[in-house]
Amino acid sequence: MTNICILGAGPGGATAALHLANAGHPCLLLDKATFPRDKVCGDALSGKVISELRRIGEKLPARLAAEPMQLPSWGIDFYAPNGRRLAVPFKPRYNPALDQSAGHISKRLHFDNFLIEEVRRRPEIDFRENTDVARHEQLPDGTWRLLAADGQEIATCRLLLVANGAQSHFARVVGGHELEPAHHCAGLRAYYRGVQGLHPDNFIELHFIREFLPGYLWVFPLPNGEANVGVGMLTEAVSKKKVKLRERLEEILHTHPALKDRFATAERLGPVRGFGLPLGSRRRPLSGSGYLLLGDAGSLIDPFSGEGISHAMVSGRHAADWAARALAAQDFSPAFLKGYDAAVYNRLWQELRLSRAMQRLLNYPWVFNFVANRAANNPTLAETISNMFLDLDLRERLRQPSFYLKLLLGK
């Protein structure tokens, strides 16, 4: 019998295990893959990821920054539907030679393994790779029994932390997180070499192209002259507009005025891979009898940016905290574990709510065109938009008609 078992060793599960280890609580961490392993993703690591790394260990951000498998990123290049480019640095004024970058870009193959190397150093964590939990059942005393495909018992535990991703069978069947097209994103990702015109300070690019609204096409620079290129679009809109994402992505890369010359001699490395993103645009239960849902399994992905790594790590930190509380109280009931839901949403809900509002604005391309046109000639407005990525109060302004009235009047 194990007190705490974690399903999935991605950022959410690994973060939970490391926080438990820091608090002196042993746990069992299971993953069906053998690390390093790939994960289909945009590969961007926001400033929130760096903050969560620091909460695990003060030296982790510096160690990540020293890794050759990552690039420091200093901002975002937005391309409005009308083609207007708006450069938004993460810091309004920065010096790459002196400052520490607010964000990074790293393939999930490398970043997830970076966390796993931390896991391997901790004797409190019993980490088992290549272990596929095919079935789970809750026994009469409330404990969870985990079984392999051949029926062999893998483990039993008092509390199950479910961090096994967007396709989590447990999250759907037990947690009730069914796929809802209005709260789900369809995505594609491919790696390229030789994309021209990438920003010298590794700004990530978000292209809000009409065919993909509400959603965007991205180009994220990577080490060794590579780039992560992909598209994400609300699943409901894909179905309604009958968009063939794979075909349209290929076509737009070679025909769109802002992209065709840059991809003319670029080489695609490997296949275009698809993935689904359960968005945090609706508040769902994150716990139940003897279990907690983390990260993508908890449908916590940002509805506007598609970011999921930092939210997974936030949920992992709170899951470790509430697992320790449950052990101390010997209370694994749904009523007690709802404290975990409250903690996660207290941290993330305002941001998720505002991102949902910004996602809705993507249905009105003229709004983005208007803001981009104004900001291109207004340094104060451009700086305000830069700060919106760090300040929720500023982001709230995008939802207020007075913000656009002041822009219209040139204020």
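Less than 6.0 angstrom separates the ring centroid of Phe170 from the ring centroid of Trp144.
None of Phe304, Tyr216, Tyr79 except one satisfies the side chain to side chain contact (heavy atoms under 4.5 Å, CB included) rule with Leu206; the exception is Tyr216. Partner of Tyr340 under the side chain to side chain contact (heavy atoms under 4.5 Å, CB included) criterion, chosen from Leu293, Leu294, Asp321: Leu294. For the pairing with Glu205, the side-chain hydrogen bond (donor to acceptor under 3.5 Å, both in side chains) check across His199, Arg262, Arg85 returns one residue only, Arg262. Checking Arg135, His136, Glu153 one by one against Leu146, the side chain to side chain contact (heavy atoms under 4.5 Å, CB included) holds for a single residue, His136. The residue from Ile105, Asn224, Leu64 that alone fulfils the side chain to side chain contact (heavy atoms under 4.5 Å, CB included) condition with Met69 is Leu64. Looking at Ser355, Ser281, Ser310 one by one, the single match for side-chain hydrogen bond (donor to acceptor under 3.5 Å, both in side chains) with Asp302 turns out to be Ser355. Applying side chain to side chain contact (heavy atoms under 4.5 Å, CB included) to Glu250 and the options Glu247, His254, Arg246 leaves one that passes, His254.
A donor-acceptor pair is defined here as one N or O able to donate and one able to accept, closer than 3.5 Å; no such pair exists between the side chain of Glu118 and the backbone of Ile56. Side-chain N or O atoms of Asn369 include one that pairs as donor or acceptor with a backbone N or O of Asn82 at under 3.5 Å. Judged by distance alone, the side chain of Asn228 and the main-chain N or O of Cys41 form a donor-acceptor pair under 3.5 Å. A donor-acceptor contact shorter than 3.5 Å links the side chain of Gln70 to the backbone of Ala65. Arg172 places a side-chain N or O within 3.5 Å of a backbone atom of Gln167 that can act as its donor or acceptor partner. A distance-only check finds no donor-acceptor pair linking the side chain of Asp126 to the backbone of Pro26 [under 3.5 Å]. Ser168 contributes no side-chain N or O that, together with a main-chain N or O of Asn164, makes up a donor-acceptor pair within less than 3.5 Å. With hydrogens and angles disregarded, a donor-acceptor distance shorter than 3.5 Å links the side chain of Lys241 to the backbone of Leu213.
Phe275 pairs by the ring-ring contact (aromatic ring centres under 6.0 Å, His included) definition with nothing, not counting sequence neighbours.
Note on Arg120 versus Glu129: salt bridge recorded, some NZ/NE/NH1/NH2 to OD/OE distance being below 4.0 Å.
The CD1 atom of Ile4 sits 12.0 Å away from the CD atom of Glu124 when rounded to the nearest 0.5 Å. Atoms OH and CZ, on Tyr345 and Arg353 in that order, are 14.0 Å from each other to the nearest 0.5 Å.
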